[in-house]
Amino acid sequence: RNRLHLDVVTVPPEAAAVLAEVPGLGGQVPRENDYYATIADADGNEADVLPLPDGAADWDGEATADWRLVFAAVARYPTVSVAQAVELVERVAALADGAGLALGVDLRPGLVILDSGKDLWEMVEGYAALAASCQQVARGLGLVADVAGPRFVQVGIDAVDVPGVRAFWAAALGYVEDPREDVTDLVHPHQLTMPVFLQSLDADDHERRAQRNRLHLDVFVPDDLARARVDAALAAGGRVTHVAGAPAWWTLADPEGNE
């Protein structure tokens, strides 16, 4: 089993549909409980799919019915024109500024996605009111939310020395530590890319610790920052495992061999 896996968070009907489809794709379901299921491809690379219970991603109340809680609070609005999308973006941005709250606004052809960032909707007071105001604006523009579409993905890394491995990944990714006690998350300073979280690995599981993972992360940075990023990761306990491609790329590993 890899020490790296993905969490794929969506709405329950979508999660259930994934589970039903896995066997036909040559995959398997190694673990399943009331809240999530672990799925694996034919080679055993895993992802946790969640949540499974009906309504588990709903935000209570009609005022936030367009939103889904997929670790982040997310609302997706298909749009019919650039002008309509821009009007929505301008108005929800003004609401967020007025509330003094961070809100991710992703503008794409035919779609606007509003995103609180992981857990911020429950960590910081005021997000429910902001979400309700954004929903009111969107519906006033005649928009109908795509409530099946919200997705959230994060990377999980199993480690014996969680603080040590976490320090490496913070340096390698340029991420910051979640401020909450007993939460191992690392997040992009502006919530732009996938969070990484650490979970404990049994120190006696020598076989699993010794194997090389079949999954790794690619981290792209501007060329004039790459050497400094490598040096920071090495200073945080990492090591270089492949240098033949430098300076186009380096392969680094954390203190437990995750690359």
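These values consider heavy atoms only, across backbone and side chains, with no hydrogens, waters or symmetry-generated copies.
In this structure the side chain of Thr251 never reaches within 4.5 angstrom of the side chain of Val240, judged on heavy atoms. Side-chain contact between Tyr77 and Gln135: present, with at least one pair of heavy atoms (C-beta onward) separated by less than 4.5 Å. Looking at Arg151 and Arg76, their side chains never come closer than 4.5 Å, going by heavy atoms from C-beta outward. A 4.5 Å side-chain heavy-atom check between Leu69 and Glu122 finds every atom pair outside the cut-off. In this structure, the side chains of Leu52 and Leu19 come closer than 4.5 Å at one or more pairs of heavy atoms. In this structure the side chain of Pro53 never reaches within 4.5 angstrom of the side chain of Asp34, judged on heavy atoms. Looking at Asn258 and Phe168, their side chains never come closer than 4.5 Å, going by heavy atoms from C-beta outward.
Across Asp66 and Val147, no two heavy atoms sit closer than the pair O-CG1, 4.0 Å. Considering every non-hydrogen atom in both Val8 and Ala47, the closest pair reads CG2-CB, 4.4 Å. Residue Asp41 comes nearest to Gln28 through the heavy atom pair O-NE2, 4.1 Å, listed as atom of the first residue, atom of the second, then distance. Across Ala15 and Pro51, no two heavy atoms sit closer than the pair CB-O, 3.6 Å. Nearest heavy atoms, Pro30 versus Glu46: CG-OE2, 4.1 Å. Of all heavy-atom pairs spanning Leu114 and Cys134, the tightest one is CD1-CB, 4.0 Å.
Atom CD of Gln136 has 12 or fewer neighbouring heavy atoms from other residues, nucleotides or ligands inside a 6.0 Å radius. Surrounding CG of Asp54 are at most 12 heavy atoms belonging to other residues, nucleotides or ligands under 6.0 Å away. Surrounding CG of Asp202 are more than 12 heavy atoms belonging to other residues, nucleotides or ligands, all under 6.0 Å away. Arg108 CZ: 12 or fewer foreign heavy atoms inside a 6.0 Å radius. For CZ of Arg139, the number of neighbouring non-hydrogen atoms (other residues, nucleotides, ligands) closer than 6.0 Å is greater than 12.
How far CZ of Arg227 is from CH2 of Trp250: 5.0 Å, rounded to the nearest 0.5 Å. Asp48 CG to Asp7 CG: the interatomic distance, rounded to the nearest 0.5 Å, is 5.0 Å. Within the model, atoms CD1 of Ile39 and CD of Glu32 stand 11.0 Å from one another, a figure rounded to the nearest 0.5 Å. Rounding to the nearest 0.5 Å gives a distance of 7.5 Å between CG of Leu103 and CG of Asp115. Remark: Phe220 CZ to Leu225 CG distance equals 15.0 Å, nearest 0.5 Å. Taking CD of Glu259 as the start and OG1 of Thr241 as the end, the distance is 4.0 Å to the nearest 0.5 Å.
Using bins of under 30°, 30° to 60° and over 60° for the plane-to-plane angle, the ring pair Phe71/Phe152 lands in the tilted bin.
Looking only at distances, no side-chain donor or acceptor of Gln154 sits under 3.5 Å from a matching main-chain atom of Phe197. Arg68 places no side-chain N or O within donor-acceptor distance of the main-chain N or O of Thr10, the cut-off being under 3.5 Å. The closest donor-acceptor contact from the side chain of Asn2 to the backbone of Asn213 lies at 3.5 Å or more, if one exists at all. In this structure a side-chain-to-backbone donor-acceptor pair under 3.5 Å is present from Gln211 to Arg1. Under a 3.5 Å cut-off, the side chain of Arg31 and the backbone N or O of Ala37 do not form any donor-acceptor pair. The main-chain N or O of Asp185 is found under 3.5 Å from a side-chain atom of Arg166 such that the two form a donor-acceptor pair. Judged by distance alone, with hydrogens and angles left aside, the side-chain atoms of Arg180 form no donor-acceptor pair with the main-chain N or O of Met123 at under 3.5 Å. A distance-only check finds no donor-acceptor pair linking the side chain of Asp58 to the backbone of Asp60 [under 3.5 Å]. With Arg239 contributing its side chain and Asp254 its backbone, the two residues share no donor-acceptor pair below 3.5 Å.
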Quiz item: After noting the C-alpha distance and the side-chain angles of Asp43 and Arg214, does the key distance pass the salt bridge (Lys or Arg N to Asp or Glu O under 4.0 Å) rule?
Solution: CA-CA 9 Å; Asp43 285 341; Arg214 288 162 290 157; 5.5 Å; no
Quiz item: Which is it for Lys118 and Asp178 under the salt bridge (Lys or Arg N to Asp or Glu O under 4.0 Å) test, yes or no, and what are the steps along the way?
Solution: CA-CA 10 Å; Lys118 183 182 178 182; Asp178 189 294; over 6 Å; no
Quiz item: How far apart are the C-alpha atoms of Leu143 and Gln84, what are their side-chain angles, what is the distance that settles it, and do they pass the side chain to side chain contact (heavy atoms under 4.5 Å, CB included) test?
Solution: CA-CA 9 Å; Leu143 298 176; Gln84 185 185 51; 3.3 Å; yes
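Hydrophobic clustering keeps Tyr36 apart from Val153 (ILVMFWY residues linked when any side-chain heavy atoms are closer than 4.5 Å, directly or through intermediates). When hydrophobic clusters are built by joining Ile, Leu, Val, Met, Phe, Trp and Tyr residues whose side-chain heavy atoms come closer than 4.5 Å, directly or via intermediates, Val162 is grouped together with Leu4. Residues Val11 and Tyr35 fall into different hydrophobic clusters, defined by Ile, Leu, Val, Met, Phe, Trp and Tyr side chains chained together at heavy-atom separations under 4.5 Å. Transitive grouping of hydrophobic side chains (ILVMFWY, heavy atoms separated by less than 4.5 Å) brings Met194 and Val165 into a common cluster. Residues Leu173 and Val221 fall within the same hydrophobic cluster, defined by Ile, Leu, Val, Met, Phe, Trp and Tyr side chains chained together at heavy-atom separations under 4.5 Å.
Each of Val112, Leu141, Val86, Leu111 was checked for a side chain to side chain contact (heavy atoms under 4.5 Å, CB included) with Thr79, and the lone residue meeting it is Val112.
Between Trp121 and Trp67, the distance separating the two ring centers is not shorter than 6.0 angstrom.
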